[in-house]
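First comes the structure, then the notes that go with it.
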Amino acid sequence: MSKYIIEDIKDFDLDHIFDCGQCFRWEKQPDGSYSGTAFNKVVNMQVDSGQLTIDPCTKEEYESIWRTYLDMDRDYGAIKKTLCADDPVMKKAADYGYGIRILNQDLWETIVSFIISQNNNIPRIKGCIERLCQLAGEPVADSFAIPVAEKLASMTEEDLAGVRLGYRSRYLIETAKCVCDKGLPENEEQLLDLCGVGPKVANCILLFGMNKYDSFPIDVWVRRVMHELYGIAENDKKAMTVYAREHFGDLGGFAQQYLFYYIRSITE
DNA sequence: TGCCAGGTGATCG
DNA sequence: CGATCACATGGC
């Protein structure tokens with residue numbers, strides 16, 4: 001099994017990438033590397049003195065999967081420079097989460113993950129997704145893939161009881177049936193048609209699974225940032241959306257991730 | 001114990 | 001429309 005090494009990486013930190021709430025299936029190893037499952041591959045990623053090692057990984061797999069997944073062709077330095085000009089809050093946030101990248105994740109996995117995420121906390125979301133994969137996912141190496149829509153559409157709430165999704169199990173089954181019926185959603189309107197997908201979850205799916213980088217998902221943490229650090233009324237979600245549009249523009253999704261990661265670090 | 005977590009659907013005015 | 005409430009689960 002071969003490894004693949006990318007030299008001279010910049011604006012890249014595995015802790016920031018895998019612990020900023022955008023994905024739930026990467027596990028930190030005792031040596032500081034991360035192992036995870038995506039696109040039906042199980043790999044380990046390790047960074048050492050400016051080198052990223054992916055194992056196992058061929059050149060072809062890097063070019064066809066991980067290069068895009070890790071968003072390697074985007075200039076995050078330029079993004080941070082734009083966002084942080086005249087914004088001391090964003091400067092602090094981006095200095096803290098300097099190595100964040102927005103992963104290009106599988107759309108169906110993103111839909112499943114963020115339906116489960118609602119009114120839930122990150123450690124429990126991870127547990128739910130792992131149990132769901134073990135129960136209904138196809139084996140991949142020594143792990144399991146995200147269950148395909150056809151499989152979930154064929155299951156009942158009782159089948160899923162052991163996953164402990166709570167009331168979200170119905171959402172997941174309904175959404176799986178809808179996707180089997182109509183195919184994957186292609187825009188926000190179609191996302192909002194899915195059961196268990198409202199404005200916040202739709203924005204996360206747009207940002208993490210559909211390359212819509214101007215999306216600005218507002219959850220309890222972002223609400224907190226916008227109130228405590230930008231002075232916007234706590235319950236005025238509309239004003240927060242307008243502020244993001246006017247100040248962050250097309251980079252709203254990147255801004256949101258820096259702020260989300262930062263506010264969580266200073267609130268604990 | 002009651003509150004909280006990457007909220008949404010149903011209901012009511 | 002907008003506001004309110006119920007909804008499983010588990011950690012603190």
Side-chain angles (χ1 to χ4, degrees), chain A residues 16-26 93 97 100-103 105 107 109-132 134-135 155-179 185 188-210 212-213 215-229 233-242 244 248 252-268:
Chain A
H16 301 172
I17 292 168
F18 292 132
D19 195 31
C20 72
Q22 62 179 323
C23 58
F24 305 98
R25 298 208 67 201
W26 290 88
I100 287 175
R101 306 184 84 82
I102 296 193
L103 299 171
Q105 301 182 63
L107 177 54
E109 173 165 344
T110 311
I111 291 170
V112 170
S113 299
F114 282 90
I115 284 177
I116 292 172
S117 79
Q118 63 179 82
N119 202 26
N120 210 339
N121 58 66
I122 291 178
R124 213 178 83 83
I125 295 165
K126 289 183 176 177
C128 286
I129 292 175
E130 211 45 51
R131 289 191 293 274
L132 179 68
Q134 287 174 15
L135 178 70
M155 298 179 80
T156 65
E157 291 183 51
E158 299 84 78
D159 293 333
L160 290 175
V163 182
R164 281 171 285 169
L165 295 170
Y167 62 90
R168 306 171 194 84
S169 56
R170 181 175 70 83
Y171 296 169
L172 207 52
I173 293 167
E174 290 301 312
T175 287
K177 287 178 178 169
C178 186
V179 166
E188 181 168 16
E189 185 188 358
Q190 292 175 11
L191 279 171
L192 293 172
D193 275 341
L194 298 174
C195 185
V197 177
K200 189 272 171 182
V201 169
N203 270 286
C204 284
I205 297 168
L206 286 164
L207 179 57
F208 303 129
M210 298 176 81
K212 287 281 291 176
Y213 297 105
S215 301
F216 192 80
I218 299 177
D219 69 338
V220 294
W221 295 100
V222 174
R223 188 183 294 261
R224 214 163 276 165
V225 183
M226 298 310 282
H227 175 238
E228 293 177 11
L229 302 183
E234 199 168 6
N235 56 356
D236 197 346
K237 186 177 164 181
K238 189 171 288 181
M240 296 174 184
T241 303
V242 170
F248 310 140
F254 302 99
Q256 196 268 6
Q257 279 309 102
Y258 290 126
L259 294 174
F260 177 85
Y261 190 61
Y262 178 60
I263 191 70
R264 284 171 54 82
S265 79
I266 62 176
T267 308
E268 292 175 3

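By convention in this document, chain letters (A, B, ...) are assigned in the order of the sequence lines, proteins followed by strands, and residues within each chain are numbered from 1. Just the heavy atoms: all of them, side chains too, but no hydrogens, waters or symmetry mates, feed the values below.
- When the C1' atom is compared between C:dG10 and B:dG9, the two are found 23 Å apart, to the nearest whole Å.
- Between A:I205 atom CD1 and A:S215 atom OG the span is 10.5 Å, to the nearest 0.5 Å.
- Within 4.0 Å (heavy atoms only), A:C195 reaches sugar-phosphate atoms of the nucleic acid but no base atom.
- Across the protein-nucleic acid pair, A:L192 atom CG and B:dG7 atom P stand 16 Å apart, rounded to whole Å.
- We find that CG of A:N121 is positioned 11 Å from P of C:dG10, with the value rounded to whole Å.
- Shown here for A:R168 and A:N119, the closest heavy-atom pair between the two residues is NH2-O, 2.9 Å.
- Ion pairing between a basic and an acidic side chain is recognised when a charged N comes within 4.0 Å of a carboxylate O; A:E234 and A:R223 show no such pairing.
- One can place CG of A:N120 at 19 Å from P of B:dC3, the figure rounded to the nearest angstrom.
- Looking at A:T156 and A:D159, their side chains do bring a donor and an acceptor atom within 3.5 Å of each other.
- Rounded to whole angstrom, the span from the CD1 atom of A:I125 across to the P atom of C:dG10 amounts to 14 Å.
- When heavy atoms are screened at a 4.0 angstrom cut-off, A:G196 is found touching the sugar-phosphate backbone but no base atom.
- Listed here is the closest heavy atom pair of A:Q118 and A:G196: OE1-O, 3.0 Å.
- Within the nucleic acid shown, A:P199 comes within 4.0 Å of sugar-phosphate atoms alone, with no base atom in reach, counting heavy atoms only.
- Close to C:dG2, at under 4.0 Å from its OP1 or OP2, lies a side-chain N or O of A:K238.
- Using a 4.0 Å heavy-atom distance criterion, A:C20 is classed as a base contact.
- Within residues 164-175 of chain A, the residues that have a heavy atom under 4.0 Å from DNA chain C are, in order of number, A:R164, A:G166, A:Y167, A:R168.
- At the heavy-atom level, A:V197 lies under 4.0 Å from the strands shown only through sugar-phosphate atoms.
- At a threshold of 4.0 angstrom between heavy atoms, the contacts of A:Y261 with the nucleic acid are absent.
- With a 6.0 Å radius and a threshold of 12 heavy atoms from other residues, nucleotides or ligands, A:K237 has its NZ atom above the threshold.
- Between A:R164 and A:C128, the closest heavy-atom pair is O-SG, 3.6 Å.
- Rounded to whole Å, atom C1' of C:dA8 lies 15 Å from atom CD of A:E158.
- When distances run from any side-chain atom of A:R224 to the nucleotides B:dG7, C:dT9, B:dC4, the shortest one goes to B:dC4.
- Legend: residues meeting ring pair (Phe, Tyr, Trp, His ring centres under 6.0 Å) with A:F114, ordered by chain and number and at least two apart, are A:F24, A:F208.
- For A:N119 and C:dC5, the CG to C1' distance is 12 Å, given to the nearest whole Å.
- At a threshold of 4.0 angstrom between heavy atoms, the contacts of A:I116 with the nucleic acid are absent.
- Atom-to-atom, NZ of A:K200 to P of B:dG9 comes out at 13 Å; the value is rounded to the nearest Å.
- With P as the reference atom, B:dC3 and C:dC5 are 14 Å apart, rounded to whole Å.
- What separates CD1 of A:I263 from C1' of B:dA5 is a distance of 15 Å, to the nearest Å.
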